[in-house]
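Notes follow once the structure below has been shown.
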There are 2 protein chains.
Amino acid sequence: METAQEQQTITLSTTELSVLGLLSAFGERSGYDLKKHAEAGVGYVWTAAKSQIYAVLPRLVEDGYATSRRVEQSSRPDKQVYRITDAGEEVFRAWLEEPVEERPDARSTFLLKIFFGRHMSREALVGHLERKREWALTYLDEYRGIEEEIRDEESSYFGYVTLRWGIAHAETWIRWADEILRELEKRP
Amino acid sequence: METAQEQQTITLSTTELSVLGLLSAFGERSGYDLKKHAEAGVGYVWTAAKSQIYAVLPRLVEDGYATSRRVEQSSRPDKQVYRITDAGEEVFRAWLEEPVEERPDARSTFLLKIFFGRHMSREALVGHLERKREWALTYLDEYRGIEEEIRDEESSYFGYVTLRWGIAHAETWIRWADEILRELEKRP
DNA sequence: GTCGACATGTAACCAGTTACATGATTAA
DNA sequence: TTAATCATGTAACTGGTTACATGTCGAC
């Protein structure tokens with residue numbers, strides 16, 4: 001009654017699907033491993049708290065999208081490792097090919113504050129913009145470092161593609177902030 | 001015990017603060033009005049479901065950040081209107097001036113799918129990119145329309161500033177998508 | 001002897017979403 | 001008469017966060 005086949009509409013959360021994707025890409029892993037891997041990879045496009053990963057994994061097993069087994073270790077705590085099943089592979093692929101429902105994600109505290117810029121002191125406003133600029137510069141730097149490392153690795157191509165979005169995004173913030181800061185100087 | 005003054009740490013949700021901001025900017029309004037105004041203004045940087053607005057308003061009154069009164073109407077249903085208090089004005093300003101805690105918001109279903117592009121058919125991948133491009137074009141168009149309208153209105157300056165972010169953002173998506181699409185054509 | 005990495009979870013909470021419910025008035 | 005606008009809410013749910021809890025082993 002709760003298996004994948006019998007359900008009419010399969011709705012998995014994005015986190016479940018991203019975990020499924022990681023299992024598909026990396027093979028058998030523990031929750032701990034996944035968290036590590038996620039941080040240094042998809043982490044840039046999708047994050048999950050470790051408590052959530054531990055919550056998601058048994059759910060995937062229950063639904064038949066993964067299997068788990070206990071691995072005993074001598075010099076480390078035992079661990080529970082998970083492997084994606086064919087059914088899991090299938091929903092993952094199906095989800096991947098589905099169009100993304102684009103809704104303009106209107107949810108930026110930063111822009112909200114700027115929007116209310118009129119109610120703010122000049123210093124605070126400039127501070128916000130300068131901080132944003134700094135922050136973007138920091139990320140740009142970090143991303144450029146990673147870019148160097150992966151740009152020629154064929155296996156990281158799609159990581160490289162998303163990273164380039166991150167770089168373009170950071171550059172856009174910087175350009176925008178600069179423009180507004182310059183403009184503010186000329187305003188009374 | 002629950003009033004603003006006595007609380008040590010005042011933590012309001014962003015939605016509560018954005019509602020407070022709207023009350024500060026527009027004066028006395030009903031929940032219904034706020035929802036309308038929000039859609040055509042901040043809506044672009046912060047959205048809230050109407051049920052949430054109706055939930056937030058009495059909470060603001062309870063905490064002393066707003067007052068409400070019933071307005072009887074003859075040809076329309078009566079309404080409850082809200083007005084920001086001095087205490088409300090104060091927390092709003094204080095919040096505005098506070099630095100925004102910048103965390104790289106890694107939460108894009110779209111980028112997550114692209115990240116797993118290797119597991120996807122070429123058609124699906126191209127489809128995702130083209131759809132993103134189209135979507136960005138549509139928004140760009142809309143934003144450019146609004147830009148025309150408000151660019152010279154001094155009173156909309158900060159709306160104009162955030163709008164320009166939206167425009168730059170959309171343009172960046174388009175440029176990025178074009179680049180990747182061109183690149184994919186050259187790849188085996 | 002204590003710090004950091006390995007390892008797994010529970011519990012409480014919260015912001016926000018969707019769906020449901022109701023009802024008046026007005027313009028087409 | 002039917003649809004749209006005005007007007008306000010409740011209820012159920014969910015995805016996700018933070019904090020708490022526990023313990024081993026190896027390196028320094």
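Heavy-atom basis, side chains included; hydrogens, waters and symmetry copies ignored. Letters go in sequence order (proteins before strands), and every chain restarts at 1.
- Leu184(A) and Phe115(A) fall within the same hydrophobic cluster, where Ile, Leu, Val, Met, Phe, Trp and Tyr residues are linked whenever their side-chain heavy atoms come under 4.5 Å apart, directly or through other members.
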Measure all distances between protein nitrogen or oxygen atoms and nitrogen or oxygen atoms of nucleotides 14-16 of chain D, and list the pairs falling under 3.5 Å.
{"residue": "dG16(D)", "atom": "OP2", "partner": "Thr15(A)", "partner atom": "OG1", "Å": "2.9"}
{"residue": "dG16(D)", "atom": "OP2", "partner": "Gln52(A)", "partner atom": "NE2", "Å": "2.8"}
{"residue": "dG16(D)", "atom": "O5'", "partner": "Gln52(A)", "partner atom": "NE2", "Å": "3.3"}

Could you list the donor-acceptor pairs under 3.5 angstrom formed between side-chain atoms of residues 141-158 of chain A and any protein atom two or more places apart in sequence or on another chain?
{"residue": "Arg144(A)", "atom": "NH2", "partner": "Glu171(A)", "partner atom": "OE2", "Å": "2.5"}
{"residue": "Glu153(A)", "atom": "OE1", "partner": "Ser156(A)", "partner atom": "OG", "Å": "3.2"}
{"residue": "Glu154(A)", "atom": "OE2", "partner": "Arg187(B)", "partner atom": "NH2", "Å": "2.8"}
{"residue": "Tyr157(A)", "atom": "OH", "partner": "Glu183(B)", "partner atom": "OE2", "Å": "2.6"}

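- Rounding to the nearest 0.5 angstrom, the gap separating the CG atom in Asp178(B) from the CD atom in Glu130(B) is 10.0 Å.
- Listed by chain and number, the residues in a side chain to side chain contact (heavy atoms under 4.5 Å, CB included) with Thr85(B) are Thr67(B), Ala87(B) (sequence neighbours excluded).
- Arg107(B) forms a cation-pi arrangement with Trp46(A), by the criterion of a distance under 6.0 Å to the ring centre and an angle within 45° of the ring axis.
- No contact: Arg29(B) has no heavy atom under 4.0 Å from any strand.
- Ring geometry, Trp165(B) versus Trp173(A): the interplanar angle falls under 30°, so the pair is classed parallel (tilted spans 30 to 60°).
- The end-to-end axis angle of the helix from dG1(C)-dC28(D) to dA28(C)-dT1(D), rounded to 10 degrees and based on five pairs per end, is 30°.
- Here chain B contacts DNA chain C (any atom closer than 4.0 Å to a heavy atom, that is under 4.0 Å), and the contacts span dA15(C) to dT26(C) from 5' to 3'.
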Atom pairs, N/O to N/O, protein against nucleotides 5-7 of chain D, distance under 3.5 Å?
{"residue": "dC6(D)", "atom": "OP2", "partner": "Tyr32(B)", "partner atom": "OH", "Å": "3.0"}
{"residue": "dC6(D)", "atom": "OP2", "partner": "Lys36(B)", "partner atom": "NZ", "Å": "3.2"}
{"residue": "dA7(D)", "atom": "OP1", "partner": "Gln73(B)", "partner atom": "OE1", "Å": "3.4"}
{"residue": "dA7(D)", "atom": "OP1", "partner": "Gln73(B)", "partner atom": "NE2", "Å": "2.8"}

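- Between Glu89(B) and Arg93(B), at least one side-chain N (NZ, or NE/NH1/NH2) sits under 4.0 Å from a carboxylate O, which counts as a salt bridge.
- A cation-pi contact links Arg164(A) to Tyr160(A), judged by a cut-off of 6.0 Å to the six-membered ring centre and 45° from its axis.
- The shortest heavy-atom contact between Gly43(B) and Ala106(A) is O-CB, 3.2 Å.
- Note: the hydrophobic cluster containing Val126(B) also contains Leu96(A) (ILVMFWY, side chain heavy atoms under 4.5 Å, direct or indirect links).
- For the pair Lys79(B) and Tyr32(B), the NZ or CZ position fails the cation-pi test of under 6.0 Å to the six-membered ring centre and within 45 degrees of the ring normal.
- A cation-pi arrangement is not found for Lys132(A) relative to Trp176(A), the charged atom failing to lie both closer than 6.0 Å to the ring centre and inside a 45° cone about the ring normal.
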